[in-house]
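Labels below follow one simple rule: chain letters A, B, ... track the order of the sequence lines, proteins then strands, and each chain is numbered from 1.
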Protein chains: 2
Amino acid sequence: MPREARYRAIARELGRRIDSGDLPPGSRLPTEEALAEQYGVHRLTARQAMVELRTSGLVETRHGSGSYVRPLQRKLEVTVDPVTRLHRPGVIDELAVHFASGEEFRSAGLRQDPGAARRLGLPDPEVYEVATLLRTDEVPCVASRYALPPRLSDFAYDPAEGVLGALGRLGYDYRYRSHTVSADIAGPVDQEVLQVEPGAAVLVREGLLVCDGEPLCHVVRRCRGDLVALTTRYE
Amino acid sequence: MPREARYRAIARELGRRIDSGDLPPGSRLPTEEALAEQYGVHRLTARQAMVELRTSGLVETRHGSGSYVRPLQRKLEVTVDPVTRLHRPGVIDELAVHFASGEEFRSAGLRQDPGAARRLGLPDPEVYEVATLLRTDEVPCVASRYALPPRLSDFAYDPAEGVLGALGRLGYDYRYRSHTVSADIAGPVDQEVLQVEPGAAVLVREGLLVCDGEPLCHVVRRCRGDLVALTTRYE
DNA sequence: AAGTGGTCTAGACCACTCC
DNA sequence: GAGTGGTCTAGACCACTTC
């Protein structure tokens, strides 16, 4: 029976103090130096405990300043309408304002994407891909990737209306055939686009839009897990 | 402009080799010792690179054996029926078999839970809480927590039918009023119940069941992010 | 300038796996 | 028993924040 590592014990102790409210959200933890002295260990061992707490999402560290108990962040609830089956900002009033700026355009072009092409029922792996980003208060929040059949590659996109809005304007009467949600760890691309740390949680929502029974668009949205929740309300 | 840390550069290089297929899923990475020698750094620096890859979910490490590229794990797709609005195992055939064993009982009793009580429209913060666990191949997979009004505290629970099945048998004609999905980092409780590492992704699905317009049950399901995806299909 | 976290080297011993 | 990852100490210097 291996005894518990020192750094784990320290992390557990600090975690307990956070849970109990002894260290309230936003408060500063002892410095690594202070912890090292207090527990009689080397600074690196104390530091390891902080890494543990950071990885568990309990604490955030600011270089040169200190480590702080993470404030309980109220997540933005983005409603997903079960009838029209479209994303709609709402619920929290400010949200409508925040998302009103529309989808920021990131890139578009023909790409090889066998998975999306298969879902779209295409014979070749090539799709027309549009990548966009939604921000709230300037913070990257939801990264979307739309895959369309190559024949739509002259697709005109206006950020104000969004990709799906543009498809509607072009006369496509689409709806969702299916949705899948899952939770991922932020990969290198997420880290860059959503500006999160390695190890952050990402909420992934994937859907297939159909129009007259024909697949029209495959959408993948990767949302910052600490900022976004998706809500469906049934009437 | 601070130059990139050595360990980050090493992690990036290895990540690139994994993405390119040079290091295929399941293959073993060089040992920490070998990496240290190869890049001319101390073993701890090479180790730090491995920590980075592990945190990003690209690699898993087995003590005494080595670090391996994580196999692309096909997630269990649990379907969520938009009509009955109930969870149904399916899609992948084996799933029905795996979940057929029912919900393993974990605990039940009166608890203080102001959040759930508020959603249930109760005057007091007390609710009757039932905690269960679903396993697939013995692996903990979905941890559920049902909150009911205290008047239902004599609620009889049979694992084979599940909590919602039992409510149906008792004559409650319930349906979901709303659902929220989000992504979290595994906290201490998740680590224990779902048996995951600190830092693992957890898919959270929260819903409110109503019966004749009255709130009946508040459900929170915490699913292992690396194993579970929730799918809704519209006909 | 002082305080604090970030990176790195050097070296040691332990715990687990695999043969 | 050899190989490999896990933990820990000791000490150093750098980068960022705060005053």
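Residue B:Arg47 places no side-chain N or O under 4.0 Å from the OP1 or OP2 atom of D:dT4. Residue A:Tyr7 has a polar side-chain atom (N or O) positioned under 4.0 Å from OP1 or OP2 of D:dT7. Side-chain N/O atoms of A:Thr45 include none lying less than 4.0 angstrom from OP1 or OP2 on D:dT7. Contact annotation: A:Ser65 does not reach the phosphate of C:dG5 (side-chain N/O to OP1 or OP2, under 4.0 Å).
Look at CZ on B:Arg43: it is 19 Å from P on C:dT7, rounded to the nearest Å. Here the C1' atom of nucleotide D:dA15 and the CZ atom of A:Arg62 are 17 Å apart, to the nearest Å. In this structure, the CD atom of B:Gln48 is 10 Å from the C1' atom of C:dC8, given to the nearest Å. Between the CD atom of A:Glu60 and the C1' atom of C:dT4 there is a distance of 16 Å, given to the nearest Å. If you measure from atom CG of B:Leu35 to atom P of D:dT4, you get 11 Å, rounded to the nearest angstrom. Atom C1' of nucleotide D:dC16 and atom CD of A:Glu32 are separated by 13 Å, given to the nearest angstrom. Rounded to whole Å, atom C1' of C:dG3 lies 10 Å from atom CD of A:Glu33. Between the C1' atom of C:dT7 and the CE atom of B:Met50 lies a distance of 19 Å, rounded to the nearest Å.
With respect to A:Glu104 and A:Arg135, a salt bridge is recorded, a charged nitrogen being found less than 4.0 Å from a carboxylate O. We find that B:Glu206 and B:Arg119 are joined by a salt bridge, their nearest charged nitrogen and carboxylate oxygen being less than 4.0 Å apart. A salt bridge is defined here as a Lys NZ or Arg NE, NH1 or NH2 lying under 4.0 Å from an Asp or Glu carboxylate O, and B:Glu126 with B:Arg111 fails to meet this definition. A salt bridge is absent between B:Arg43 and B:Glu33; no separation between the charged side-chain nitrogens and carboxylate oxygens falls under 4.0 Å. Classification of B:Asp22 and B:Arg16 as a salt-bridged pair fails, no side-chain N sitting under 4.0 Å from a carboxylate O.
Comparing A:His42 and B:Leu29 along DNA chain D, the residue whose closest nucleotide (by nearest heavy atom) sits nearer the 5' end is B:Leu29. Residue-to-nucleotide proximity on DNA chain C shows that, of A:Thr61 and B:Leu44, the 5′-proximal contact is made by A:Thr61.
Of the listed nucleotides (C:dG5, D:dT4, D:dG5), D:dT4 has the atom at the smallest distance from the side chain of B:Arg28. Comparing C:dT7, D:dA15, D:dT7 against the side chain of B:Ala5 picks out C:dT7 as the nearest. In the set D:dG5, C:dT9, D:dT7, the nucleotide with an atom closest to the side chain of B:Val41 is C:dT9.
Under 3.5 Å, the side chain of A:Arg8 and the base of D:dG6 form no donor-acceptor pair of N or O atoms. Under 3.5 Å, the side chain of B:Arg54 and the base of D:dG5 form no donor-acceptor pair of N or O atoms.
Counting non-hydrogen atoms under 4.0 angstrom, B:Arg6 reaches the backbone sugars and phosphates but no base.
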